[in-house]
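Keep in mind it's a predicted model, so treat the numbers as computed, not measured. Values reported hereafter were calculated over all heavy atoms of this structure, with side chains retained and with hydrogens, waters and symmetry mates removed. Protein chains get the first letters and strands the later ones, always in sequence-line order, with residue 1 at the start of each.
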There are 2 protein chains.
Amino acid sequence: MLNDPSLSVTQTCGDCPIRHRAVCARCETDELEQLDQIKYYRKYEAGQTVVWSGDRMEFVGSVVSGIATLTQTMEDGRTQMVGLLLPSDFVGRPGRGNAAYDVVATTDLVMCCFRKQPFEDLMNKTPHIAHRLLEMTLDELDAAREWMLVLGRKTAREKIASLLSIIARRDASLHLRSAEGQLVFDLPLTREAMADYLGLTLETVSRQISALRKDGVIHLEGKRHVTVPDMERLLEEAGDDADGGMLA
Amino acid sequence: MLNDPSLSVTQTCGDCPIRHRAVCARCETDELEQLDQIKYYRKYEAGQTVVWSGDRMEFVGSVVSGIATLTQTMEDGRTQMVGLLLPSDFVGRPGRGNAAYDVVATTDLVMCCFRKQPFEDLMNKTPHIAHRLLEMTLDELDAAREWMLVLGRKTAREKIASLLSIIARRDASLHLRSAEGQLVFDLPLTREAMADYLGLTLETVSRQISALRKDGVIHLEGKRHVTVPDMERLLEEAGDDADGGMLA
DNA sequence: GACCCGCTTTGACCCAGATCAAGAATGGCA
DNA sequence: TGCCATTCTTGATCTGGGTCAAAGCGGGTC
């Protein structure tokens with residue numbers, strides 16, 4: 001199940017590759033050891049479902065590498081993505097037994113998990129873990145509300161630009177691989193997944209991406225490899241304040 | 001400022017009219033006394049702005065009576081409502097200095113507030129207040145994600161039915177004034193506010209409400225007074241599972 | 001190297017909801 | 001009792017994005 005040598009279970013939580021946003025960011029040594037005892041890694045292949053909506057969820061955890069999505073589906077098949085989980089994002093909710101959404105691995109995925117009951121016990125003993133979770137949940141709430149503006153009021157072109165901005169920003173903060181102000185990244189989503197996130201059809205997504213390419217806002221190599229020559233321009237296209245911007 | 005005799009500041013937090021969802025639901029007597037010491041009431045008139053997005057927010061609190069809304073606005077004036085605050089809902093976020101959204105009193109509004117710093121101090125000493133807040137924030141996050149499905153994938157008619165369902169449900173849980181299975185309530189929002197919540201125009205809202213009335217899904221007296229003869233039917237129109245339904 | 005399969009692009013057409021434009025209720029106030 | 005300002009309804013028309021349909025990729029694999 002776990003064959004990546006960089007992810008030895010002997011590493012302490014403090015060494016965790018995602019510790020910069022992790023729940024344990026402020027823990028003492030002994031608390032870190034307790035966290036390490038209930039920690040384990042899980043791997044999923046691209047396309048695998050991590051949990052189905054309504055199923056019992058026996059763990060919480062963070063994404064270490066890869067991308068997962070949270071999705072809601074209506075009886076007639078219409079689907080809406082309600083969350084995009086990138087490395088360092090938290091999954092699952094203490095105090096809740098069942099998943100509220102489908103969680104799907106969009107790419108190959110590694111998660112750092114904590115068994116639910118022991119994690120909750122630890123949370124009850126160490127207040128700053130609860131605080132950290134509250135902070136993270138408030139961040140997610142802000143991101144969700146920001147996305148409500150995208151879904152409710154933005155045009156298709158603005159929606160695409162908004163999504164690209166978020167991915168570019170998150171990607172940049174992870175890899176810092178920008179050359180002379182340019183941002184370069186690979187789209188981790190199919191056109192259909194982007195459509196489900198944006199409340200559009202995949203055809204409209206494709207057309208708008210083509211339009212942004214024609215207008216020089218982005219440059220494409222193949223279908224997935226994106227270069228953003230001017231981030232300011234992209235933010236303008238997204239309809240955001242150039243300075244402030246998305247809080248995702 | 002405070003002339004309603006039913007809201008004497010001498011009442012304890014345990015007597016708070018909104019205590020059923022309040023942060024203090026599990027507090028001990030001495031903690032309740034501490035909460036009472038930093039508690040006060042605020043009144044706003046319909047139309048007044050409680051805080052502007054970006055402004056310093058020096059309190060947190062709950063809605064006691066009336067309705068408030070959370071709103072985001074783009075530079076060109078497009079607005080999206082991102083939260084509807086009904087009695088018992090919590091406002092503000094511990095650990096955050098500035099408001100992220102405009103908070104507006106839609107009707108006359110009474111709030112039960114706690115000064116922010118003392119509240120945070122108390123929260124740091126009493127873990128179950130932090131837990132309660134985490135629970136409430138997770139509920140809000142679920143509601144926001146549910147709303148993303150409404151905004152991204154539902155038709156205008158379904159959107160209206162969804163909004164009416166939520167208001168009917170919340171109203172019913174407050175007043176329990178249903179006669180022989182019917183639900184009766186007053187719409188607390190203008191057509192324009194509904195449009196801002198649903199990502200529609202006010203004309204479309206008006207037309208769809210008329211359509212639902214013609215089809216017998218709802219009955220209207222005047223512009224605001226609504227009767228729902230069959231809640232199941234309304235939920236069907238909203239595109240929800242008849243049994244499960246919105247978790248707002 | 002030919003074939004296949006999932007993903008993507010592009011075109012032609014259509015329709016739900018936006019926009020523009022009158023009016024009609026409602027209700028507060030003199 | 002009538003006036004005025006909101007708020008709401010309804011009609012006519014327009015359009016952005018959906019729907020349906022048909023090619024174009026790559027990139028595995030036999």
A/Asp108 and A/Gln48, any side-chain heavy atoms less than 4.5 Å apart: no
Here the residues of residues 206-218 of chain B within 4.0 Å heavy-atom distance, strictly under, of DNA chain C are B/Arg207
Picking from A/Gln72, A/Gln80, A/Glu140, what satisfies side chain to side chain donor-acceptor pair (under 3.5 Å) with B/Arg145? A/Glu140
Do the ring planes of B/Phe59 and B/Tyr40 sit parallel (below 30°), tilted (30 to 60°) or perpendicular (above 60°)? perpendicular
Starting from C1' on C/dT9, measure out to CD1 on A/Ile160 and report it in whole angstrom. 14 Å
Listing time: all N or O pairs from protein to nucleotides 22-24 of chain C that are below 3.5 Å?
none

Taking five pairs at each end of the helix from C/dG1-D/dC30 to C/dA30-D/dT1, what angle separates the two helix axes (nearest 10°)? 30°
Walk me through whether B/Ser53 and B/Asp102 qualify under side-chain hydrogen bond (donor to acceptor under 3.5 Å, both in side chains). CA-CA 5 Å; B/Ser53 170; B/Asp102 296 334; 4.6 Å; no
For DNA chain D, the residues among residues 188-203 of chain A that have a non-hydrogen atom under 4.0 Å from it: A/Gly199, A/Leu200, A/Thr201, A/Glu203
Test of understanding: with side chain to side chain contact (heavy atoms under 4.5 Å, CB included), list the residues that count as partners of B/Thr107, not counting sequence neighbours. B/Ile67
With a 4.0 Å cut-off (strictly under) to non-hydrogen atoms of chain A, the first and last hit nts on DNA chain D, 5' to 3', are D/dG17 to D/dC20
From NZ of B/Lys159 across to C1' of C/dA18 the rounded distance in Å is 12 Å
Calculate the interatomic distance between A/Glu221 atom CD and C/dT8 atom C1'; express it in whole Å. 17 Å
Base, sugar-phosphate alone, or nothing: which one does B/Arg157 contact when heavy atoms must sit under 4.0 Å apart? nothing
Are B/Ser165 and B/Ser162 close enough that a side-chain donor and a side-chain acceptor fall under 3.5 Å? no
